[in-house]
Amino acid sequence: MSVGERGRRRAAVALVLSPFLLAPFALLVSTAASSAAQAPVEEGRRLYLAHCASCHGEAGTGTAQAPGILGLGPAAYDFQLSTGRMPLARPGVQPFRKPPVFSKAEMDALIAYLTSLAPGGVPIPQVDPSAGDLSEGQAIYQANCAACHGATGIGGAVGRGYAPDLFRATPTQVAEAVRVGPGAMPNFGPDVIPEERLDSLVRYVLYLREPSDRGGAGLGHVGPIVEGFVGILAGLGALVAVSRFAGERS
């Protein structure tokens, strides 16, 4: 047998045996990938049982202390966790913003676990404020948000609760709140506020933090009603001063 024939025979044998030789390696890679994918879910399950199950139930279906949270989607979970609203220190009170209890990796694990129990729901919005239009955002805000959050985003009372100020929310958190409607807030889906208009709304909310006060002093940006009241008081004070001055001269 020539050298060339021996080479071709070895190549043919290697080709036949290669699937059998590579199969264990492929199985090992597949197992490792599956384990890596399951790791966040298992960590999320551990965190959920330790910090959330006492109120929302071991399966997320709710208890007498708190409602079920299955199927809400990543946006709802991320908003509540990243704003520190959950877990609550005391059940039955309105959640308020505070530093997050969990790290970013832990929040991702919790979201992965809850999503594994009931896939679907509202995804985390991909928002780009720089792509939005400021004037359009103002119109959307005045029509849908100002009644509760105030004309300047400072917040205000809503029934027995309150609408928080908007000065600390990240662009993603603003967009998440719009989509999921936390607490008493209504939710606005893409059919009401499309993605490009959501960019405009978020841009305007960010603008409210450092608006241009072309009319004078901002007075804490508490809104036109209070600012008008201050203007009336200042005007009345000036009239009283002028009246007294004129009276003394006469």
Side-chain angles (χ1 to χ4, degrees), residues 32-129 145 148-149 153 155 158 161-189 198-199 201-202 205-206 209:
S34 177
S35 299
Q38 287 298 317
V41 174
E42 288 302 316
E43 174 64 7
R45 180 177 181 276
R46 182 188 68 79
L47 292 168
Y48 178 85
L49 293 176
H51 299 278
C52 315
S54 60
C55 291
H56 293 289
E58 291 190 4
T61 53
T63 67
Q65 298 188 79
I69 54 176
L70 291 183
L72 297 181
Y77 307 139
D78 184 67
F79 177 83
Q80 296 292 346
L81 293 170
S82 66
T83 61
R85 286 173 166 81
M86 292 292 164
L88 279 176
R90 182 164 55 89
V93 300
Q94 179 175 345
F96 62 92
R97 188 184 187 96
K98 59 184 184 296
V101 173
F102 305 106
S103 68
K104 180 65 168 62
E106 290 173 330
M107 287 189 284
D108 289 343
L110 277 165
I111 293 170
Y113 172 65
L114 290 169
T115 304
S116 74
L117 295 179
V122 181
I124 296 175
Q126 301 299 314
V127 65
D128 181 11
C145 315
C148 294
H149 291 286
V158 180
Y162 69 92
D165 69 74
L166 303 176
F167 302 146
R168 294 172 290 172
T170 67
T172 298
Q173 289 168 351
V174 174
E176 288 171 340
V178 170
R179 290 295 187 235
V180 304
M185 177 177 169
N187 66 299
F188 302 91
L198 183 59
D199 290 337
L201 175 59
V202 174
V205 169
L206 297 179
R209 300 174 186 182

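The OH atom of Tyr77 lies 6.0 Å from the OG1 atom of Thr115; values are rounded to the nearest 0.5 Å. The CZ atom of Arg85 lies 4.0 Å from the CZ atom of Phe79; values are rounded to the nearest 0.5 Å. Between the NE2 atom of His56 and the CG atom of Leu70 there is a distance of 10.5 Å, given to the nearest 0.5 Å. Rounding to the nearest 0.5 Å places CG of Leu201 at 5.0 Å from SG of Cys145. Note that CG of Leu110 and CE of Met86 are 13.0 Å apart. Values are rounded to the nearest 0.5 Å. Asp78 CG to Leu114 CG: the interatomic distance, rounded to the nearest 0.5 Å, is 11.5 Å.
Contact detail for Val127 and Ala175: the closest heavy-atom pair is CB-CB, 4.2 Å. Among all heavy-atom pairs drawn from Pro91 and Gln65, the shortest one is CG-OE1, 3.4 Å. Between Val180 and Ala75, the shortest heavy-atom distance links the atoms CG1-CB, 3.8 Å. When every heavy atom of Pro40 is checked against every heavy atom of Ala109, the shortest pair comes out as O-CB, 3.3 Å. Nearest approach of Cys148 to Ala163, heavy atoms of both residues: O-CB, 3.4 Å. Contact detail for Ala118 and Gly71: the closest heavy-atom pair is CB-N, 3.5 Å.
The salt bridge (Lys or Arg N to Asp or Glu O under 4.0 Å) test applied to Arg45 returns no partner, not counting sequence neighbours. Among residues two or more places apart in sequence or in another chain, the side-chain hydrogen bond (donor to acceptor under 3.5 Å, both in side chains) test is passed with Ser82 by Gln173. Residues satisfying the salt bridge (Lys or Arg N to Asp or Glu O under 4.0 Å) test with Lys98, not counting sequence neighbours, are none. Legend: residues meeting salt bridge (Lys or Arg N to Asp or Glu O under 4.0 Å) with Glu106, ordered by chain and number and at least two apart, are absent. Arg90 pairs by the salt bridge (Lys or Arg N to Asp or Glu O under 4.0 Å) definition with nothing, not counting sequence neighbours.
Between the side chain of Tyr162 and the backbone N or O of Gln94, no donor-acceptor pair lies under 3.5 Å. Side chain of Arg97 to main chain of Arg168: a donor-acceptor pair is present (N/O by atom type, distance under 3.5 Å, no hydrogens or angles). Looking at His149, its side chain does come within 3.5 Å of a backbone N or O of Pro164 through a donor-acceptor pair. At distances below 3.5 Å, at least one donor-acceptor pair connects side-chain atoms of Thr63 with backbone N or O atoms of Cys55.
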Stepwise side-chain contact (heavy atoms from CB on, under 4.5 Å) check, Val174 with Leu166: CA-CA 8 Å; Val174 174; Leu166 303 176; 5.8 Å; no
Derivation and outcome, side-chain contact (heavy atoms from CB on, under 4.5 Å), residues Ile124 and Thr172: CA-CA 8 Å; Ile124 296 175; Thr172 298; 3.8 Å; yes
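Comment: Glu176 does not engage Arg179 in a salt bridge, judged by the lack of any side-chain N to carboxylate O separation of less than 4.0 angstrom.
Taking the six-membered ring where tryptophan is involved, the planes of Tyr48 and Tyr113 are tilted, since the angle between them lies from 30° to 60°.
In this structure, the side chains of Leu88 and Pro95 come closer than 4.5 Å at one or more pairs of heavy atoms.
The side chain to side chain donor-acceptor pair (under 3.5 Å) pairs that include a residue from residues 119-129 are Asp128-Ser130, where partners are two or more places apart or lie in different chains.
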